[in-house]
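Take a look at the structure set out below.
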Amino acid sequence: TDNTAAAGGAVSLMYESVAAFEKCIFVNNSSITTAGAIHVDTDAAGSFTQCDIIDNEGSPLVETYGGGGIYNAGETSVNSCIVRGNLPDQIKDTSGDMLTVDYSNIEDGISGTGNIDADPLFTSPDDFHLLENTPCMDTGDPALPVDPDGSRADMGVYPYTLYGDVTLDRTISSLDA
């Protein structure tokens, strides 16, 4: 969060590096040459699962690089993530067919299984917990472990939780006392 770098303000995968990120928040990062948050180079691979990639700013060299959220020239998997508010764009892929994005909420949309383009309804601009009517509830990859309430995984870092719901049945009742 709040980092600046030459390539990938938060993460730069290069030189045959391979990394997996799960339930990470990448917010308000910037780069002077490529992706605001995540840069995956031609010989690298990255996997991002249930991450929030929000409000990052990539290089003004849009024609060459772009990718405010993610710049991918390598092999990248994005699964059950929320990618929104990044400039100049959410994801820039120059790999050909080495990018997969599934069960994710991507601003401006992207092809892939189960993807949506909708306001995730965060609690506030700097609190990425989900509100009750979020379209990200129960729409993550069904192959992921279930949420604490036993339902299908949500998109993003924080699963929707009804505060005070001790029994995790998504209601507040005398059983929660």
*Is it true that the side chains of Ser95 and Asn72 contain a donor and an acceptor less than 3.5 Å apart?*
yes
*Rounded to the nearest 0.5 Å, how far apart are CD1 of Ile106 and CD1 of Ile53?*
7.0 Å
*Pairwise distance CG(Asp154) to CG(Asp147) - rounded to 0.5 angstrom*: 4.0 Å
*Which atom pair, heavy atoms only, marks the closest approach of Cys51 to Lys23?*
SG-N, 3.9 Å
*Just do the side chain to side chain contact (heavy atoms under 4.5 Å, CB included) check on Glu132 and Tyr160 with the steps written out, would you?*
CA-CA 7 Å; Glu132 183 175 6; Tyr160 170 72; 3.4 Å; yes
*Between His39 and Thr34, a side-chain donor and acceptor under 3.5 Å*: yes
_Are Val11 and Leu99 linked, directly or through intermediate hydrophobic residues, by side-chain heavy-atom contacts shorter than 4.5 Å (ILVMFWY only)?_
yes
*Where is the tightest heavy-atom contact between Val146 and Ser151, given as atom of each residue plus distance?*
CB-O, 3.2 Å
*Report yes or no: does Ser31 contribute a side-chain atom to a donor-acceptor pair with the main-chain N or O of Gly58 at less than 3.5 Å?*
no
_Cluster check Val83, Phe26: I/L/V/M/F/W/Y, side chain < 4.5 angstrom_ = yes
*May I ask you to test the Met155-Ile116 pair for a side-chain heavy-atom distance under 4.5 Å?*
yes
*For the residue pair Phe48 and Phe21, categorise the inter-ring angle as parallel (less than 30°), tilted (30 to 60°) or perpendicular (more than 60°).*
parallel
*asked:* Could you work out, with side-chain contact (heavy atoms from CB on, under 4.5 Å) as the rule, every residue matching Leu121, not counting sequence neighbours?
replied: Asp119, Leu131, Asn133, Thr134, Pro135
*Nearest non-hydrogen partners of Ser80 and Ser104, listed with the distance*: N-OG, 3.1 Å
*Asn79 side-chain N/O to Val101 backbone N/O, donor-acceptor pair under 3.5 Å*: no
*Mind running side chain to side chain contact (heavy atoms under 4.5 Å, CB included) on Val27 and Asp52 for me, showing each step along the way?*
CA-CA 8 Å; Val27 63; Asp52 293 337; over 6 Å; no
*Check whether any side-chain N or O of Asn56 sits under 3.5 Å from a backbone N or O of Asn29 as a donor-acceptor pair, and report yes or no.*
yes
*Leu13 reachable from Ile91 in the ILVMFWY side-chain graph, under 4.5 Å edges*: yes
*Would you check if the side chain of Lys92 reaches a backbone N or O of Tyr71 as a donor-acceptor pair within less than 3.5 Å?*
no
*CD of Gln50 to SG of Cys81: how many Å apart, nearest 0.5 Å?*
8.0 Å
*Test of ring centre spacing under 6.0 Å for Tyr158 and Phe128*: no
_Spatial distance of atom OH (Tyr103) from atom OG1 (Thr139) [nearest 0.5 Å]_ = 10.5 Å
*Using the rule that two of Ile, Leu, Val, Met, Phe, Trp, Tyr join whenever any of their side-chain heavy atoms come within less than 4.5 Å, decide whether Ile54 and Val157 are in one cluster.*
yes
_Show the nearest heavy-atom pair for residues Pro145 and Ala153, with the distance to one decimal._
O-CB, 3.7 Å
*Can you list every salt bridge (Lys or Arg N to Asp or Glu O under 4.0 Å) pair that touches residues 99-117, not counting sequence neighbours?*
Arg84-Asp117
*asked:* To the nearest 0.5 Å, what is the distance between CD on Glu22 and OG on Ser47?
replied: 8.5 Å
*Taking atom CG of Asn115 and atom CD1 of Ile110, what is their separation to the nearest 0.5 Å?*
7.0 Å
*Between Asp41 and Tyr15, is there a donor-acceptor pair closer than 3.5 Å when you use the side chain of the first and the backbone of the second?*
no
*Cluster question for you: counting only ILVMFWY and a side-chain heavy-atom cut-off of under 4.5 Å, with indirect links fine, are Leu87 and Ile70 together?*
no
*Side chain of Ser30, backbone of Glu57: donor and acceptor closer than 3.5 Å?*
no
